[in-house]
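One structure below.
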Amino acid sequence: MYHIMSRSISEIDLFQCDEDKDYYLALLKRYKDKYYCKIYAYTLMDNHVHIYINPCGYDISLFMRCLNNAYVAYFNRKYNRHGHLYQGRFASSIVDSDTYSLTLSAYIHNNAKDLPEYAGREEFYRYSSYGIYTGLRKDLEEIVDVSFILAHFGVDKKAAREKYRAFTESMRDTGIMKEVDASIIRAYTENVYNSEKRYIVRNRAPEEIMRKVGQFLGERLEECLRRKHSRETSSNRAFVTYIMRVLCGYTYKSICKYIGNMSVGGVSRLSNEGFKLLKENIRYNNAFNSLIQMG
């Protein structure tokens, strides 16, 4: 699990208006769903964002590359500009204890204290998950998983929300908060990131994946991956491409080599079609969930 911070270059804010923040949250929702990750907390400030994310075994570098590249494309198109928007690579620090986990969530949710109109009433800031934790507003975007953090404060949801609010308020302006701030800034300025492939569990062999998915769908997927005949075959092909991207850890370029005779753009489109099938077609959704449950 990671604390992620991305900051814009000094001469321009990352978000020029609320519409930009809404678009960023829509992207966060999209890639969270697409790559089967969990978001535990977030806050969007004008020139930077904080995200507490559990990539559930997906490569965090690939996740952030997709998120940031998609937002830059939107931003540059909207404001008719070119070039970099982010100040180098995102900063990341591993969340390796319950203490750090709780402290981090409080740190992220207290960020709005730097906004004059929200100082002392941070939970009212719309572009933070804090209000969702306290029950002030609903998670209409369906982005954040509050159960992981709130479970530390008891089984009664209402009481847990009140205890969490008290905890977060008590952590405001403490030495621990300053330590978290210093840690993430240091990670950002030193550009610390180690991919550490041994932590990436989504390295299943494509042949294994296709054999198991083929059992659910009733087709030899090794063959359908390389042919383009019926609509059903095309759908299965798209779904397998998405699975290779999400569960096998393959890049689009790697999938190109595996399939053969296809461009990176074509593989990207196939993967997106596969993700759409997962969201909209119960047959593929069941196949994917069964695959996850089998381990």
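Between the CD atom of E122 and the CG atom of D114 there is a distance of 9.0 Å, given to the nearest 0.5 Å. Summarising the geometry, atom CG belonging to N68 is positioned 10.0 Å from atom CZ belonging to R89; distances are rounded to the nearest 0.5 Å. For the atom pair NE2 (H50) and CG (L104), the distance works out to 9.0 Å, reported to the nearest 0.5 Å. Atom OG in S105 sits 9.5 Å away from atom OH in Y130 (nearest 0.5 Å). Interatomic distance, K32 NZ to I39 CD1, rounded to the nearest 0.5 Å: 7.5 Å.
Residues meeting the salt bridge (Lys or Arg N to Asp or Glu O under 4.0 Å) test with E273, sequence neighbours left out: none. R269 pairs by the side chain to side chain contact (heavy atoms under 4.5 Å, CB included) definition with nothing, not counting sequence neighbours. The side chain to side chain contact (heavy atoms under 4.5 Å, CB included) check on C66 picks up Y31, Y35, R245, with sequence neighbours excluded. Every side chain to side chain contact (heavy atoms under 4.5 Å, CB included) that K78 has, sequence neighbours left out, goes to C17, E19, D20, Y74. By the side chain to side chain contact (heavy atoms under 4.5 Å, CB included) test, T99 pairs with S97, T103, sequence neighbours left out. Checked against ring-ring contact (aromatic ring centres under 6.0 Å, His included), Y24 has the following partners two or more places apart in sequence or in another chain: F15, Y71. Residues that satisfy the salt bridge (Lys or Arg N to Asp or Glu O under 4.0 Å) test with R161, not counting sequence neighbours, are absent from this structure. Remark: E162 engages R165 in a side-chain hydrogen bond (donor to acceptor under 3.5 Å, both in side chains) (not counting sequence neighbours). With sequence neighbours excluded, the residues forming a ring-ring contact (aromatic ring centres under 6.0 Å, His included) with Y118 are Y125, listed by chain and number.
When atom types are taken as modelled, the side chain of S6 and the backbone of V49 share no donor-acceptor pair closer than 3.5 angstrom. Here the side chain of N47 pairs no donor or acceptor atom with the backbone of S10 at under 3.5 angstrom. Here the side chain of N110 pairs a donor or acceptor atom with the backbone of T168 at under 3.5 angstrom. A donor-acceptor contact shorter than 3.5 Å links the side chain of R81 to the backbone of H84. No donor-acceptor pair under 3.5 Å is formed between the side chain of N80 and the backbone N or O of N76. Between the side chain of S263 and the backbone N or O of G266, at least one donor-acceptor pair lies under 3.5 Å. Panel note: side chain S271, backbone S268; no donor-acceptor pair is recorded below 3.5 Å.
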Side chains of residues 135-147: which donor-acceptor partners sit under 3.5 Å, not counting sequence neighbours?
{"residue": "R137", "atom": "NH2", "partner": "R126", "partner atom": "O", "Å": "2.8"}
{"residue": "R137", "atom": "NH2", "partner": "S128", "partner atom": "O", "Å": "2.5"}
{"residue": "D139", "atom": "OD1", "partner": "E142", "partner atom": "N", "Å": "3.2"}
{"residue": "D139", "atom": "OD1", "partner": "I143", "partner atom": "N", "Å": "3.3"}
{"residue": "D139", "atom": "OD2", "partner": "I143", "partner atom": "N", "Å": "2.8"}
{"residue": "D139", "atom": "OD2", "partner": "V144", "partner atom": "N", "Å": "2.9"}
{"residue": "D145", "atom": "OD1", "partner": "S147", "partner atom": "N", "Å": "3.1"}
{"residue": "D145", "atom": "OD1", "partner": "S147", "partner atom": "OG", "Å": "2.6"}

Could you pull out all donor-acceptor pairs under 3.5 Å where a side-chain atom in residues 150-158 meets a protein atom, sequence neighbours excluded?
{"residue": "H152", "atom": "ND1", "partner": "F148", "partner atom": "O", "Å": "3.2"}
{"residue": "H152", "atom": "ND1", "partner": "I149", "partner atom": "O", "Å": "3.3"}
{"residue": "D156", "atom": "OD1", "partner": "K158", "partner atom": "N", "Å": "3.3"}
{"residue": "D156", "atom": "OD1", "partner": "A159", "partner atom": "N", "Å": "2.8"}

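Under the 3.5 Å distance criterion, with hydrogens and angles disregarded, a donor-acceptor pair is assigned to the side chains of Y100 and S93. No donor-acceptor contact under 3.5 angstrom links the side chains of H109 and T43, judged on distance only. For S101 and Y52, the side-chain atoms include at least one donor-acceptor pair closer than 3.5 Å.
Within the 4.5 Å cutoff, side-chain heavy atoms of D18 are placed close to those of Y127. At a threshold of 4.5 Å between non-hydrogen side-chain atoms, the residues M171 and Y107 do not count as touching. Put simply, the side chain of F275 does not reach to within 4.5 Å of the side chain of T241, judged on heavy atoms. Between K34 and L278, every side-chain heavy-atom pair lies at or beyond the 4.5 Å cut-off. At least one side-chain heavy atom of F75 sits under 4.5 Å from a side-chain heavy atom of I12. Side chains of L115 and M45 form a contact here, defined as non-hydrogen atoms less than 4.5 Å apart. Proximity of S254 to M244: side-chain heavy atoms (C-beta onward) are nowhere separated by under 4.5 Å. For the pair L14/Y86, a side-chain contact is recorded, criterion being any heavy-atom separation below 4.5 Å from C-beta on.
Using cut-offs of 30° and 60° for the angle between ring planes, the F167 and Y164 rings count as tilted.
Summarising the local packing, NZ of K276 is surrounded by 12 or fewer heavy atoms from other residues, nucleotides or ligands at distances under 6.0 Å.
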>> side-chain contact (heavy atoms from CB on, under 4.5 Å), that's the test. Do L270 and I255 meet it? Break it down for me.
In response: CA-CA 11 Å; L270 265 184; I255 298 174; over 6 Å; no
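Within the structure, salt bridge (Lys or Arg N to Asp or Glu O under 4.0 Å) pairs that include any residue of residues 39-54 comprise K21-D46 (at least two apart or interchain).
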